[in-house]
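Reading through the structure tokens given below for one structure.
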Amino acid sequence: MNRLRYPATAQDWREQARRRLPRFLFDFLDGGAGDERTLAANVQAWGQVALRQRVLVDVSQVDTRTRLAGQDCALPLALAPVGLAGMMARRGEAQAMRAASQAGVPFTLSTVGICALQEVRAAAPAGAPPPWFQLYMLRDRGAVRALLEQAWQAGCRTLVFTVDLPLPGMRQRDVRNGMAHQGARPALLRAAQVLARPGWVWDVALRGKPLSFGSLASQVPGGRDLGAFKAWVDAQFDPGVTWRDIDWLRGQWRGRLLLKGILDEQDARAAVAAGAEGIVVSNHGGRQLDGVAATAAALPTIARAVGDQVEVLVDGGVRNGTDLFRALALGAHGVLIGRPWIWALAGGGEAGVRQLLASWQRELLLAMTLTGVTRVGDIGPDQLDQFSSQIGLHPLCSKRQQLLNQ
Ligand SMILES: Cc1cc2nc3c(=O)[nH]c(=O)nc-3n(C[C@H](O)[C@H](O)[C@H](O)COP(=O)(O)O)c2cc1C
């Protein structure tokens with residue numbers, strides 16, 4: 001099977017991941033909800049934000065460093081929580097934690113990660129900051145309390161609490177590939193897809209054990225295989241969660257609280273009122289409700305409303321360091337990335353994630369250099385092309401052409 005010798009972009013890593021993973025796993029990480037319109041819109045919307053080139057500014061000292069959630073970062077970026085990352089590469093979360101620590105950015109461990117918090121914590125080099133921990137509200141509040149305590153004991157001080165998953169979205173690729181079904185026939189379909197990827201079988205299925213939800217091990221009674229864990233988690237999603245539960249959570253967690261999955265200005269204000277230190281503007285990477293706005297479109301209003309009170313992070317469709325720059329120009333303090341790091345992990349392991357992050361840092365540095373800003377804190381609307389800002393986030397080229405032709 002042909003492999004790219006030198007993957008350069010997130011898209012290249014996506015292709016590597018596609019060649020390496022069994023079909024149902026690749027589609028699980030790559031796909032979105034419904035017709036995947038929001039998934040596509042997330043990516044396209046960043047591309048429509050035009051930047052303002054400036055020249056003959058002293059850019060001999062450009063600094064991409066910043067602080068996110070009180071932590072020094074080499075660039076304004078953190079790895080988003082991605083469930084089942086340890087199915088994409090052997091002990092995947094531990095590999096990604098090492099890569100993130102070396103690159104100087106935070107790694108967020110999902111509630112449904114394969115590696116347990118302690119394993120991920122131990123993977124970081126001595127002296128490196130601990131991972132951030134992502135949690136969903138579970139029906140069993142005792143389990144929530146136990147997980148918070150486990151996170152605190154593992155040194156985590158930033159909790160990413162996901163609020164946009166009262167129910168899992170309709171992910172049609174999972175239906176087509178038999179991932180959403182139980183029974184002999186779908187199992188056979190998955191087995192055929194697994195057998196087509198012997199490299200994955202050797203790396204993950206044989207040498208990557210145990211394949212269970214590590215951090216939940218003490219919570220799931222009798223859970224030994226992924227099926228038992230998944231059944232427990234599915235039964236634990238609580239569509240009855242409201243802002244009152246966030247008040248309860250606030251009382252339980254002494255560290256920083258980031259609410260992830262905010263797409264609406266009123267919800268952003270409510271998050272501030274609930275005492276969150278930050279929010280993540282997110283539509284779960286287009287995996288929940290197909291048809292909601294792209295995050296690049298939702299970001300400016302939210303950033304204007306609460307950006308001076310809490311840290312505003314954004315994710316969804318950010319595919320390179322220039323998109324990262326665009327997010328900051330639209331008012332974010334930083335971004336989370338999901339698929340790009342998991343593609344790089346699946347395609348190239350720890351080294352793949354390291355390469356990806358190094359390349360994004362260079363792109364960010366280049367964008368700063370050519371827009372004439374030397375510090376991350378100075379990136380803002382001034383770096384947006386005024387002409388395209390006036391026309392908003394419409395398809396830039398065609399709209400611009402129309403205006404020029406008038
Ligand atoms: C395969 C996959 C699994 C995910 N699992 C979780 C999760 O366990 N918890 C969570 O809060 N978000 C999860 N997300 C959403 C990401 O944290 C993030 O919001 C999203 O991937 C950002 O969009 P991007 O992939 O376009 O960068 C997942 C996303 C993907 C692609």
Side-chain angles (χ1 to χ4, degrees), residues 10-11 13-14 17 21 24-33 36 38-47 77-89 92-93 96 106-115 131-138 147 158-166 168-169 171 173-174 177 179 213-216 229-230 233-234 236-237 258-263 279-289 292 294-296 298-299 313-321 323-324 327 332 334-346 353 356 360:
Q11 198 59 29
W13 285 116
R14 175 177 184 268
L21 293 173
F24 69 93
L25 278 183
F26 175 74
D27 275 349
F28 164 72
L29 75 85
D30 198 62
E36 303 189 343
T38 296
L39 172 65
N42 273 351
V43 178
Q44 284 158 10
W46 295 115
L77 174 153
L79 303 196
V82 170
L84 294 178
M87 295 292 287
M88 310 301 165
E93 292 89 358
F107 170 75
T108 314
L109 178 66
S110 162
T111 311
V112 287
I114 296 293
C115 298
W132 297 358
F133 184 56
Q134 177 267 327
L135 194 59
Y136 293 112
M137 186 61 87
L138 307 172
L147 285 164
T158 298
L159 180 71
V160 178
F161 196 80
T162 302
V163 291
D164 60 1
L165 214 136
R171 303 182 192 151
R173 295 200 213 181
D174 293 352
N177 289 320
M179 182 144 169
F213 293 156
S215 301
L216 294 178
F229 277 95
K230 192 175 171 307
V233 171
D234 286 350
Q236 284 291 330
F237 283 118
L258 309 181
L259 292 186
K260 174 173 179 285
I262 303 286
L263 208 58
I279 58 170
V280 184
V281 177
S282 175
N283 52 33
H284 217 95
R287 295 166 75 78
Q288 284 297 91
L289 179 58
V292 297
T295 46
L299 171 65
L313 306 177
V314 63
D315 73 18
V318 179
R319 293 292 176 264
N320 52 52
D323 286 347
L324 161 50
V335 303
L336 264 55
I337 61 168
R339 290 180 187 82
W341 79 258
I342 195 83
W343 287 330
L345 179 79
V353 181
L356 179 92
W360 284 41

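Remember, it's 1-based here, ligands and their atoms both numbered in the order they're listed. Worth saying up front: this structure is predicted, and the values here are computed from it rather than measured.
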Quick one: which ligand 1 atoms are inside 4.0 Å of a heavy atom on [X]?
X: Arg319; result: 24 (P), 26 (O), 27 (O)
X: Ser282; result: 19 (O)
X: Asp315; result: 18 (C), 19 (O), 22 (C)
X: Leu29; result: 1 (C), 31 (C)
X: Lys260; result: 10 (C), 11 (O), 12 (N), 15 (C), 16 (C), 17 (O), 18 (C), 19 (O)
X: Gly83; result: 3 (C), 4 (C), 5 (N), 6 (C), 7 (C), 8 (O)
X: Ser110; result: 7 (C), 8 (O)
X: Thr162; result: 10 (C), 11 (O)

[atom]: the protein heavy-atom neighbour that sits closest, reported with distance to 0.1 Å:
atom: atom 28 (C) of ligand 1; value: Pro81 O, 3.7 Å
atom: atom 24 (P) of ligand 1; value: Arg339 NH1, 3.5 Å
atom: atom 7 (C) of ligand 1; value: Tyr136 OH, 3.0 Å
atom: atom 27 (O) of ligand 1; value: Gly338 N, 2.9 Å

Under 3.5 Å, is there a donor-acceptor pair between the [X] and [Y] side chains?
X: Thr162; Y: Gln134; result: yes
X: Asn283; Y: Asn42; result: yes
X: Trp343; Y: Asp30; result: yes

Say whether, by atom type as modelled, one donor and one acceptor occur between the side chain of [X] and the main chain of [Y] under 3.5 angstrom.
X: Glu93; Y: Ile114; result: yes
X: Trp46; Y: Gly316; result: yes
X: Thr38; Y: Val292; result: yes
X: Trp341; Y: Ala80; result: yes

Please verify whether a non-hydrogen atom of Val82 lies at under 4.0 Å from ligand 1.
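It does; at least one heavy atom falls under 4.0 Å.
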
Do you know which two heavy atoms are closest between Gly317 and Asp323, and how far apart they sit?
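Where Gly317 meets Asp323 most closely, the heavy atoms are O-OD2, 3.7 Å.
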
Taking all non-hydrogen atoms of both residues, which atom of Phe107 and which atom of Ala96 are closest, and how far apart?
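Closest heavy-atom pair between Phe107 and Ala96: CE1-CB, 3.6 Å.
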
Under-4.0 Å heavy-atom contact with ligand 1, by part of Val112 that carries it:
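Under 4.0 Å from ligand 1, Val112 contributes side-chain atoms alone.
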
Stacked cation flag Arg287 on Phe28, 6.0 angstrom / 45 deg
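Yes.
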
Looking only at N/O atoms, are Ala80 and ligand 1 under 3.5 Å apart anywhere?
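No; the residue has no nitrogen or oxygen that sits under 3.5 Å from a nitrogen or oxygen of the ligand.
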
